[in-house]
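Input: a single structure, listed below in structure tokens.
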Amino acid sequence: MSITRNVRVRFAPSPTGALHIGGVRTALFNWLFARHHKGTFILRIEDTDQTRSTDESIKVILDSMKWLGLDWDEGPFRQTERMDIYREHVDRLLKLGKAYYCYCTPEELEARRKEAMAAGKPPKYDRKCRSLKTPIEGRTPAVRFLSSDEGQTIVRDLIRGAVTFENQQLDDLIIQRSDGFPTYNFAVVVDDVTMSISHVIRGDDHLNNTPRQIQLYEALGYDPPEFAHLPMILGSDKTKLSKRHGATAVTEYISLGYLPEALVNYLSRLGWSSGDQEIFSRQELIEKFALDSVGKAPSVFNPEKLVWLNHHYIQQADLNRLSELLLDLLKKDGAVTEGNEPDREWLKTLVKILTERSHTLVEMKTGALPFLLDGITMDEKAKAKHLTPDVAPLLSELTARLRSVDPFTHTEIETVFNALVAEKGIKLGKLAQPVRVALTGGTVSPGIFAVIEVMGKEKTVKRIEAAICSL
RNA sequence: GGUCCCAUCGUCUAGCGGCCUAGGACGCUGGCCUCUCACGCCGGAGACACGGGUUCGAUCCCCGUUGGGACCA
């Protein structure tokens, strides 16, 4: 595919809620396409639905975009600030005789639709108002586009190829509602053309809207942009992904402890691929992204693979960055209070030993808690299994020896353990597991020597002694 | 119901007529490593929806069937 035009693409969400996975994927593909072709990425807020649009949603969407690193070059534009432009275009079609006023009420339309259905005809607008010469008193009209009912409209889609629609199937769609607001299909055309959009990349739920939009472009005397309709993202039951499939909003993934690069990498591979490669840096994504390697079939969202990628990116992430992210989570949890923050270098060593078994930042936070809180939450089953009365002498001996370890580091601690284990003729596990439970409250943690080193001599000794006392 | 789209392991996908006894990844699973859990390493099970063509030869091209999805209501 050769891109000859100056690439200008847009992402146009409706601010009726949070930014969802499907929207992110659309935004991401537009962004990648723009960056790959050194084009322009435009953000447009489609807020003509006054009843459902909120400023709060706009804020959430912008914040999510920023978190994902999807920066835009122009905008955000809001449709509600462009009402004059839409009216101007409606007037133009009216003057050209390509649009007409329609006084039918929703109730009338519904009744006639049912009639048509009952008679076995397609429920298409019957053009009752088309030949109307005088306005109907007491009614505010909507404006309908006079569409052609002969021939075909062919959508040349960059992903689907040529898709043919019989014009006969298309009815005269409303372009301006009686309340004066433009309808979606009209506003989108006017916006895309006035913003010089070169490629419309959007979900394929809009494919059926495209022929009527093409007719509008033509009626208005504009060249249509290129189109690329992306396959949908489905839930595990293969229906369109929605809230009932679990977490779908970007904000949820943030609070679940995901890294933006994991989400970006995962979503880029949903419906797109480049050979066998699974892991892509942002730069690689920009370099390799192409619309002709986007698949046609819808894809099922698989949270487990996202977890795997998140784990991968946690291993790759800079320790300073992870420390700050972890700190934020700990503060939200109340585990760390303002002015009582842990030493950053110490926190980094803690993060370092936790990353390997953290699939999410939330998991990391859970693992960090025993190191930060004064007390631990004891898992009773673990206690019953490993902290039995007979280990008390062994633990006493260990604390006595740990007290004199200096410097209190991994290797020195390991030496103490090995010596004690050798003297008693037991396996390391017999000592390590009880200590692990005493220190963390559970049976799962990083390596025991690392745990002890990071926890520090004082806390270690205190906890083991507390455990002994409880036996 | 009408219109449009889609179809390779459970899932994401590679494959663009012979390289395919179909490759990779997630997940699942056997083993190794091991102080726990992981990580890592080695191995395993697992798919071309079906039926017709076209062709010397079809996962790959065409048609139909089936199935799924989206849109319009």
Side-chain angles (χ1 to χ4, degrees), chain A residues 22 109-110 112-114 116-118 120-125 153-155 157 159-171 173 184-185 203-212 229-241 265-279 292-312 314-315 353-359 363 366-367 379 382 385-386 413-414 417-418 421 426-437 439-440 442-452:
Chain A
L109 292 170
E110 183 56 30
R112 274 184 273 156
R113 201 178 289 128
K114 276 182 183 155
M117 295 269 274
K121 290 176 185 167
K124 194 175 149 178
Y125 179 61
T153 300
I154 300 172
V155 179
D157 191 274
I159 294 171
R160 308 284 152 154
V163 183
T164 306
F165 294 83
E166 297 295 329
N167 288 342
Q168 212 182 342
Q169 300 292 335
L170 279 25
D171 59 356
L173 90 152
Y184 166 78
N185 279 301
D204 80 9
D205 45 347
H206 290 297
L207 183 57
N208 283 309
N209 287 328
T210 310
R212 27 180 47 147
H229 286 93
L230 269 19
M232 300 272 88
I233 298 178
L234 311 178
S236 51
D237 61 355
K238 306 219 175 183
T239 62
K240 195 172 171 179
L241 190 68
N265 194 151
Y266 177 72
L267 256 16
S268 69
R269 277 286 287 99
L270 213 51
W272 173 81
S273 62
S274 178
D276 281 340
Q277 192 171 345
E278 295 288 349
I279 308 284
D292 42 16
S293 41
V294 172
K296 296 177 185 178
S299 26
V300 173
F301 183 77
N302 176 204
E304 282 162 340
K305 191 158 180 178
L306 174 58
V307 167
W308 173 73
L309 276 164
N310 203 50
H311 178 260
H312 169 83
I314 285 178
Q315 311 315 305
I353 68 169
L354 290 172
T355 51
E356 202 167 273
R357 64 217 82 212
S358 301
H359 291 89
E363 276 187 20
T366 306
D379 172 359
K385 184 171 181 194
H386 298 287
I413 296 161
E414 187 171 357
F417 268 70
N418 285 339
V421 159
I426 55 171
K427 284 190 168 181
L428 182 56
K430 287 286 173 201
L431 179 59
Q433 275 307 77
V435 173
R436 174 170 283 115
V437 176
L439 295 181
T440 67
T443 56
V444 175
S445 84
I448 195 66
F449 312 126
V451 167
I452 293 172

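First the proteins, then the strands, lettered A, B, ... as listed; each starts at 1. As the structure is a prediction and not an experimental result, all values here were calculated from the model.
How far CG of A:L207 is from CG of A:N209: 9.0 Å, rounded to the nearest 0.5 Å. Going from atom CD of A:Q433 over to atom NZ of A:K427 covers 13.0 Å, rounded to the nearest 0.5 Å. Within the model, atoms CZ of A:F301 and OH of A:Y266 stand 5.5 Å from one another, a figure rounded to the nearest 0.5 Å. In this structure, CD on A:Q315 lies 10.0 Å from CG on A:N310, to the nearest 0.5 angstrom.
Base pairing of B:rA25 is made with B:rU11, judged by Watson-Crick or G-U wobble geometry with both donor-acceptor distances under 3.5 Å. With a 3.5 Å ceiling on both atom-pair distances, B:rG17 lacks any Watson-Crick or G-U wobble partner. The partner of B:rC41 is B:rG31, by the rule that a Watson-Crick or G-U pair needs both atom distances under 3.5 Å. Pair assignment for B:rA70: B:rU3, on the basis of Watson-Crick or G-U wobble contacts that are both within less than 3.5 Å. The partner of B:rC60 cannot be assigned: no Watson-Crick or G-U wobble pair with both contacts below 3.5 Å exists in any strand. Both distances falling under 3.5 Å, in either a Watson-Crick or a G-U wobble arrangement, place B:rU65 opposite B:rA49.
Here the separation of B:rC72 from B:rG10, taken at their C1' atoms, is 33 Å to the nearest Å. Nucleotides B:rG51 and B:rU13 have their C1' atoms positioned 27 Å apart, rounded to a whole Å. Look at the P atom in both B:rU8 and B:rC4: the space between them is 22 Å, to the nearest Å. Spacing of P atoms, B:rG17 relative to B:rG1, comes out at 38 Å, to the nearest Å. Spacing between B:rC50 and B:rA7 at atom C1', rounded to whole Å, works out to 12 Å. To the nearest whole angstrom, the two C1' atoms, one in B:rU59 and one in B:rA14, are 12 Å apart. Using C1' as the reference atom, B:rG30 and B:rC48 are 28 Å apart when rounded to the nearest Å. On the P atoms, B:rA70 is 15 Å away from B:rC12, given to the nearest whole Å.
Among the heavy atoms of the strands, none lies under 4.0 Å from A:K430. The residue A:T164 sits close only to the backbone: its heavy atoms come under 4.0 Å of sugar-phosphate atoms, none of a base.
Atom CD in A:E166 sits about 16 Å away from atom P in B:rG2, given to the nearest Å. When the P atom of B:rC6 is taken as reference, atom CG of A:L234 falls 15 Å away, rounded to whole Å. Distance, A:L309 CG to B:rC26 C1': 9 Å, rounded to whole Å. In this structure, CG of A:N208 is placed 13 Å from C1' of B:rC6, rounded to the nearest angstrom. With rounding to whole Å, A:R269 atom CZ is found 11 Å from B:rU11 atom C1'. With rounding to whole Å, A:H229 atom NE2 is found 12 Å from B:rC71 atom P. Note: CG (A:N209) to P (B:rC5) measures 15 Å, nearest angstrom. Taking atom NZ on A:K296 and atom C1' on B:rC12, their separation rounds to 19 Å, with Å as the unit.
OP1 or OP2 of B:rU13 lies within a sub-4.0 Å distance of a side-chain N or O belonging to A:S299.
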Next item on the list: Sugar-phosphate means primed atoms, P, OP1 and OP2; the rest is base. With that split, encode nucleotides 58-66 of chain B 5' to 3' as B, S or - using protein heavy atoms under 4.0 Å.
Entry: ---------
Margin query: I'd like to compare against my own output: the B/S/- annotation of nucleotides 27-42 of chain B with a strict under-4.0 Å heavy-atom distance to protein.
Written below: S-------BBBBS---
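Looking only at distances, no side-chain donor or acceptor of A:R436 sits under 3.5 Å from a matching main-chain atom of A:G447. A:H311 contributes a side-chain N or O that, together with a main-chain N or O of A:E356, makes up a donor-acceptor pair within less than 3.5 Å.
Here the shortest heavy-atom pairing between A:S293 and A:W272 reads OG-NE1, 3.0 Å. Nearest heavy atom pair, residue A:S358 against residue A:I314, reads O-CD1, 3.7 Å. Taking each heavy atom of A:V451 and A:P446 in turn, the nearest pair found is CG2-O, 3.5 Å.
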Side chains of residues 232-241 of chain A: which donor-acceptor pairs under 3.5 Å do they make with residues two or more places apart or in other chains?
from   : atom 1 : to     : atom 2 : distance (Å)
A:D237 : OD1    : A:T239 : N      : 3.2
A:D237 : OD1    : A:T239 : OG1    : 2.9
A:D237 : OD1    : A:H245 : NE2    : 2.6
A:D237 : OD2    : A:T239 : OG1    : 3.4
A:D237 : OD2    : A:R244 : NH1    : 3.2
A:T239 : OG1    : A:R244 : NH2    : 2.9
A:K240 : NZ     : A:D205 : OD2    : 3.4

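Annotation: side chain of A:E278 is in contact with side chain of A:K305 (closest heavy-atom distance under 4.5 Å). The shortest distance between side-chain heavy atoms of A:R160 and A:D204 falls below 4.5 Å.
For A:T153, the side-chain contact (heavy atoms from CB on, under 4.5 Å) partners at least two apart in sequence or on another chain are A:N167, A:P211, A:I214, A:Q215. Taking the ring pair (Phe, Tyr, Trp, His ring centres under 6.0 Å) definition, one finds that A:H206 meets it with A:Y184, sequence neighbours left out.
Residue-to-nucleotide proximity on RNA chain B shows that, of A:R160 and A:D205, the 5′-proximal contact is made by A:R160. Residue A:I159 is the one, among A:G271 and A:I159, whose nearest nucleotide of RNA chain B lies closer to the 5' end (criterion: closest heavy atom).
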Under-3.5 Å N/O pairs linking protein and nucleotides 14-19 of chain B:
from   : atom 1 : to     : atom 2 : distance (Å)
B:rA14 : OP1    : A:S273 : OG     : 2.9

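A donor and an acceptor atom never sit less than 3.5 Å apart when one is taken from the side chain of A:Q277 and the other from the base of B:rG24.
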